[in-house]
There are 2 protein chains.
Amino acid sequence: MDFLEINKVLSNKVRIDILQWLKNPEKNFPPQINVPDFRDGVCVCHIQNKTGLSQSTISHYLTLMHKASILIATRHGKWTYYKRNEEEISNYINFLKNNL
Amino acid sequence: MDFLEINKVLSNKVRIDILQWLKNPEKNFPPQINVPDFRDGVCVCHIQNKTGLSQSTISHYLTLMHKASILIATRHGKWTYYKRNEEEISNYINFLKNNL
DNA sequence: CTATCATATCGACATATCTCGATTTATTGT
DNA sequence: ACAATAAATCGAGATATGTCGATATGATAG
């Protein structure tokens with residue numbers, strides 16, 4: 001758990017928004033088209049639509065969040081789905097609680 | 001409590017170090033010279049010495065941390081003392097716990 | 001096997017952050 | 001009043017981040 005890397009990733013409004021939206025995909029995103037449910041998260045295109053930023057920017061952001069281990073990526077066919085890595089997010093918050 | 005501003009301030013190793021050192025001034029800094037104790041925190045020069053960065057950089061960092069409300073500044077004569085704002089730090093951690 | 005679509009990567013430019021030395025401001029001791 | 005000291009502010013150059021459009025990659029459908 002690289003605390004500093006996570007903090008860098010979280011020092012951006014859009015990325016914070018994404019993390020919060022992913023807490024409740026049913027509420028924040030339209031229904032999935034190519035998979036039956038949100039088990040593996042939300043596809044890049046839905047996230048991109050909601051932010052209004054370019055495809056490359058959002059793909060880049062999601063990659064950053066994935067590298068910092070706060071998101072889990074799953075590929076189904078040509079779609080990539082991202083969901084929260086709840087375990088790492090908890091570790092991060094506990095680390096803050098104990099060490100900040 | 002501007003969560004994003006605090007996160008930006010905390011996405012830097014040196015500033016994190018400073019915040020952690022200030023948890024225990026007695027242990028991390030030499031005794032105060034111009035005030036009897038660490039009640040109001042630690043003076044800029046002690047913090048600067050410990051980091052090894054320039055005076056202007058550390059003054060700038062401490063100002064950032066103060067503006068983000070995680071440090072409290074007190075002036076005694078020509079010295080400025082900085083200490084943690086425990087209330088705001090708690091608010092920040094609670095916000096993370098509840099909203100991240 | 002080719003066209004198409006979703007995503008990732010690349011290259012570039014604009015803006016922000018890091019960090020310094022120099023200068024200014026505030027305070028104190030002479 | 002003046003010199004000395006601590007801290008804050010200023011100006012600048014180097015590095016990092018934000019963001020885009022263009023291109024590459026990988027998967028699928030025909």
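Predicted, not measured: the structure shown is a model, and the values here were computed from it. Every chain is numbered from 1, with letters handed out A, B, ... down the list of sequences.
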Trainee: Roughly how many Å is it from CD1 in A:Ile58 to P in C:dT9, rounded to a whole number?
Mentor: 15 Å

Trainee: Expressed as a whole number of angstroms, how long is the span from B:Gln48:CD to D:dA8:P?
Mentor: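 For the pair B:Gln48 CD and D:dA8 P, the rounded distance is 11 Å.
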
Trainee: Return the value, rounded to whole Å, for the distance between atom CE of A:Met65 and atom C1' of D:dG18.
Mentor: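 These atoms are roughly 15 Å apart.
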
Trainee: For the CD atom on B:Glu87, are there more than 12 heavy atoms of other groups (residues, nucleotides or ligands in this structure) within a distance under 6.0 Å?
Mentor: no

Trainee: Check the interface with nucleotides 25-30 of chain D: list each N/O to N/O pair with the protein under 3.5 Å, or write none.
Mentor:
none

Trainee: How about B:Lys97 and B:Asn94: do any of their side-chain heavy atoms sit closer than 4.5 Å?
Mentor: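 Yes - at least one pair of side-chain heavy atoms lies under 4.5 Å apart.
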
Trainee: Can you tell me if B:Ser59 touches the phosphate of D:dA7, counting only side-chain N or O atoms and a distance under 4.0 Å to OP1 or OP2?
Mentor: no

Trainee: Flag the pair B:Leu62 / B:His66 as yes when at least one side-chain heavy-atom distance between them is below 4.5 Å, and no otherwise.
Mentor: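 Of all side-chain heavy-atom pairs linking B:His66 with B:Leu62, none is under 4.5 Å.
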
Trainee: Rounded to whole Å, please give me the gap between NZ in A:Lys67 and C1' in D:dT17.
Mentor: 14 Å

Trainee: Taking all atoms of both residues into account, what is the closest heavy-atom pair of B:Val42 and B:Gln32, and its distance?
Mentor: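 So the minimum-distance heavy-atom pair works out to CA-NE2, 4.0 Å.
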
Trainee: Does the side chain of B:Ile18 come within less than 4.5 Å of B:Tyr82's, by heavy atoms?
Mentor: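 SC-SC contact between B:Tyr82 and B:Ile18 ruled out.
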
Trainee: Are the side chains of A:Ile6 and A:Phe95 in touch, meaning some heavy atoms are under 4.5 Å apart?
Mentor: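 No, too far: nothing below the 4.5 Å cut-off.
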
Trainee: When you measure from the side chain of A:Gln48 to the backbone N and O of A:Cys43, does any donor-acceptor pair fall under 3.5 Å?
Mentor: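 It does not hold such a pair.
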
Trainee: Got a sec? Which of residues 40-47 of chain B come in under 4.0 Å of DNA chain D, heavy atoms?
Mentor: B:Cys43, B:Val44, B:Cys45

Trainee: Check whether any side-chain heavy atom of B:Phe3 sits under 4.5 Å from a side-chain heavy atom of B:Asn99, and report yes or no.
Mentor: no

Trainee: Using a 3.5 Å cut-off and no angle test, enumerate the donor-acceptor pairs between side-chain atoms of residues 68-80 of chain B and protein atoms at least two apart in sequence or in another chain.
Mentor:
from: B:Ser69; atom 1: OG; to: B:Glu88; atom 2: OE1; distance (Å): 3.0
from: B:Arg75; atom 1: NE; to: B:Gly77; atom 2: O; distance (Å): 3.1
from: B:His76; atom 1: NE2; to: B:Asp40; atom 2: OD2; distance (Å): 2.7

Trainee: Starting from P on D:dT9, measure out to CG on B:Leu62 and report it in whole angstrom.
Mentor: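 Whole-Å distance recorded here is 12 Å.
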
Trainee: What is the distance, to the nearest angstrom, from the NZ atom on B:Lys8 to the P atom on C:dC18?
Mentor: 11 Å

Trainee: Under 4.0 angstrom, heavy atoms only, what part of the nucleic acid is B:Tyr82 near: base, sugar-phosphate, or nothing?
Mentor: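 Since only primed, P, OP1 and OP2 atoms lie under 4.0 Å of B:Tyr82, the category is sugar-phosphate.
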
Trainee: Rounded to the nearest Å, what distance is computed from the CG atom of residue B:Leu10 to the P atom of nucleotide C:dT17?
Mentor: 14 Å

Trainee: Detail all sub-3.5 Å separations between protein N/O atoms and N/O atoms belonging to nucleotides 19-23 of chain C.
Mentor:
from: C:dT19; atom 1: OP2; to: B:Tyr61; atom 2: OH; distance (Å): 2.2
from: C:dC20; atom 1: OP2; to: B:Ser54; atom 2: N; distance (Å): 2.8
from: C:dC20; atom 1: OP2; to: B:Ser54; atom 2: OG; distance (Å): 3.2
from: C:dC20; atom 1: OP2; to: B:Thr57; atom 2: OG1; distance (Å): 3.0
from: C:dG21; atom 1: N7; to: B:Ser56; atom 2: OG; distance (Å): 3.3
from: C:dG21; atom 1: O6; to: B:Ser56; atom 2: OG; distance (Å): 2.9

Trainee: Side chains of B:Asn12 and B:Tyr61: closer than 4.5 Å at any heavy-atom pair?
Mentor: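 A side-chain contact under 4.5 Å exists here.
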
Trainee: Say whether, by atom type as modelled, one donor and one acceptor occur between the side chain of B:Arg84 and the main chain of B:Leu22 under 3.5 angstrom.
Mentor: no

Trainee: Who passes side chain to side chain contact (heavy atoms under 4.5 Å, CB included) against B:Lys8, sequence neighbours left out?
Mentor: A:Ser11

Trainee: Whole angstrom is fine here: how far is it from CG in A:Asn49 over to C1' in C:dT7?
Mentor: 14 Å

Trainee: Under a 4.5 Å cut-off applied to non-hydrogen side-chain atoms, are B:Asn34 and B:Tyr81 in contact?
Mentor: yes

Trainee: What dot-bracket string describes DNA chain C from 5' to 3', counting Watson-Crick and G-U wobble pairs whose defining distances are under 3.5 Å, with [ ] for crossing pairs and | for pairs to another strand?
Mentor: ||||||||||||||||||||||||||||||

Trainee: For a 4.5 angstrom cut-off between non-hydrogen side-chain atoms, does B:Val14 reach B:Thr57?
Mentor: no

